[in-house]
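This one's a predicted model, so the numbers in the text were calculated from it and none came from an experiment. Naming convention: chains lettered A, B, ... in sequence-line order (proteins, then strands); numbering from 1 in each chain. Computation of the quantities below employed the complete heavy-atom set of this structure, encompassing side-chain atoms and omitting hydrogens, waters and symmetry-equivalent molecules.
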Amino acid sequence: MFELLKTDGAARLGRMTTKDGVIETPVFMNVGTVAAIKGAVSSRDLAALKCQVELCNTYHLHLRPGDEIVARRGGLRPFMGWEGPVLTDSGGFQVFSLAKLRDITEEGVTFASHIDGRRIFMGPEESMRIQGNLGSTIAMAFDECVENPAPREYIGMSADRTLRWAARCKAAVTQGQLLFGINQGGTYSDIRIENAKRLVDIGFDGYAVGGLAVGEEVPVMYGILEDVLPHLPKDAPRYLMGVGTPGNILEAVARGVDFFDCVMPARNARHGHINTWSGILNINNAKYGEDDSPLDPMCDCPTCRGYSRAYLRHLKKAEEMLYMRLAVMHNLYFYNTLMERIRGMIEVGEYGRLCEKLLPVLDRRI
RNA sequence: GGGGAGAUUCCCGAGCGGCCAAAGGGGGCAGACUGUAAAUCUGUUGCAUCAUUGCUACGAUGGUUCGAAUCCAUCUCUCCCCA
């Protein structure tokens with residue numbers, strides 16, 4: 001299962017062994033919500049991008065193509081041609097992102113499908129059944145992700161309900177699937193801590209911190225991590241959901257997080273923001289029109305090995321889909337390489353030095 | 001040769017006496033994006049100025065008017081129809 005190999009301060013080097021493959025942590029999971037990385041990047045490409053885990057979404061795949069269709073193809077992994085581990089998000093984030101299209105009760109959430117408006121009910125049992133059909137390596141508990149800031153009494157009520165849902169998820173999870181519980185509690189540390197303790201009492205294969213990076217200030221997020229992580233078992237992986245920028249990841253690893261996922265590298269790439277080891281480059285900018293250097297001279301991803309900024313900018317301006325593919329591949333490679341460097345530096349006990357070097361640089365605009 | 005239509009800001013295109021530096025697109029420039037309803041969204045786009053404001057602009061020139069992109073005259077150029 002999960003082995004903690006080494007620590008460097010609060011930063012952890014770990015290894016999670018699953019039936020679908022080994023995950024070296026800290027890890028960044030590459031987001032393919034509908035069983036596809038947006039930007040025409042295939043599961044085959046992912047291996048060349050040092051991806052370890054692909055993340056897919058329960059809600060989206062339940063709507064289309066339908067989880068039973070996926071189940072009949074043997075699950076997500078054979079369906080999308082990815083041989084490594086898959087984590088499925090439970091649909092809890094859609095309780096937040098589709099807030100205008102849903103209604104919550106103790107039993108679960110009724111969504112108006114964003115595709116055709118038809119009513120979809122999803123509660124803990126439904127989410128577990130769907131994730132079982134999807135055949136993911138790791139299933140996530142069905143939770144309510146609440147925007148920040150939110151009134152204390154709502155957060156308290158919601159976190160309690162999410163906890164009851166977590167217990168129902170544990171009872172309903174498909175045999176052979178790993179299940180991570182999700183800590184909630186908004187920006188209120190006492191609610192978070194109490195919630196974390198009770199989550200640990202139920203017992204999960206891993207623990208996620210959810211409901212962060214949804215409106216609160218970044219230092220508040222770091223504070224919550226400092227308060228909550230010490231209450232989670234050391235021998236279980238911790239997953240900070242939906243985070244974040246390279247700087248966010250460095251800071252969170254320094255506080256003891258092992259798993260990450262985020263749409264940023266793919267979405268930002270599609271929109272022109274390119275991660276480099278000197279900061280964020282916006283390929284839309286006119287100054288790159290005749291720049292013959294690669295996106296990042298320090299990068300050896302397939303994009304940087306073959307194409308110039310001038311060409312990428314042209315493809316972007318011409319709205320050629322090749323732009324997206326090349327840019328998304330670069331950013332994912334960057335994130336996965338960042339995680340590799342993080343692991344390497346924890347291993348040699350120099351994680352602090354890596355942070356000193358990279359933190360002032362990676363999230364800055366160039 | 002005869003008859004008709006038109007020339008607007010980088011482009012297309014609306015406006016047809018004052019509320020016009022002039023709608024709306026496009027393009028350009030810039031910004032946002034954190035468990036993806038996102039190949040999306042926002043701002044900006046004559047010059048000068050912090051701003052008030054000033055200057056230059058609706059093919060050209062002249063005119064009518066307190067006031068013209070809008071009305072009149074002439075000119076230049078485009079397009080369509082008939083011979």
Rounding to an integer number of Å, can you tell me how far A:Arg313 CZ sits from B:G27 P?
13 Å

When you get a sec, tell me which of B:A38, B:A37, B:U34 is the closest nucleotide to the side chain of A:Gln94?
B:A37

Closer than 4.0 Å, any side-chain N/O of A:Arg270 to the OP1 or OP2 of B:U36?
no

Check the distance between B:U34's C1' and A:Glu217's CD and give it to me in whole angstrom.
14 Å

Value in whole Å for how far the C1' atom of B:G31 lies from CG of A:Asn282:
8 Å

Given B:G35, B:A38, B:G31, identify the nucleotide with an atom nearest to the side chain of A:Cys145.
B:G35

How long is the line joining CG of A:Asn331 and P of B:U34, in whole Å?
15 Å

Among residues 50-62 of chain A, which ones have heavy-atom contacts with RNA chain B below 4.0 Å?
A:Leu55, A:Asn57, A:His60

From B:A38, B:C29, B:G35, pick the nucleotide closest to the side chain of A:Arg267?
B:A38

Check salt bridge (charged side-chain N to carboxylate O under 4.0 Å, His left out) between A:Asp190 and all other residues, then give those that pass, not counting sequence neighbours.
A:Arg152

Given B:U34, B:A39, B:A37, which nucleotide is nearest the side-chain atoms of A:Leu101?
B:A37

From the candidates B:G27, B:G35, B:C29, the one with an atom nearest any side-chain atom of A:Lys317 is B:C29

Any idea which of B:G35, B:A39, B:A37 is nearest the A:Ser97 side chain?
B:A37

Sub-6.0 Å ring centroid separation between A:Phe28 and A:Tyr335:
yes

Between B:G35, B:A38, B:A37, spot the one nearest the side chain of A:His271, thanks.
B:A38

Mind checking whether A:Tyr59 and A:Phe111 have ring centres under 6.0 Å apart?
yes

Any residue in residues 13-36 of chain A with a heavy atom nearer than 4.0 angstrom to RNA chain B? Just list them by number, or reply none.
A:Val31, A:Thr33

Whole-Å distance, A:His273 NE2 to B:C41 P, equals 16 Å

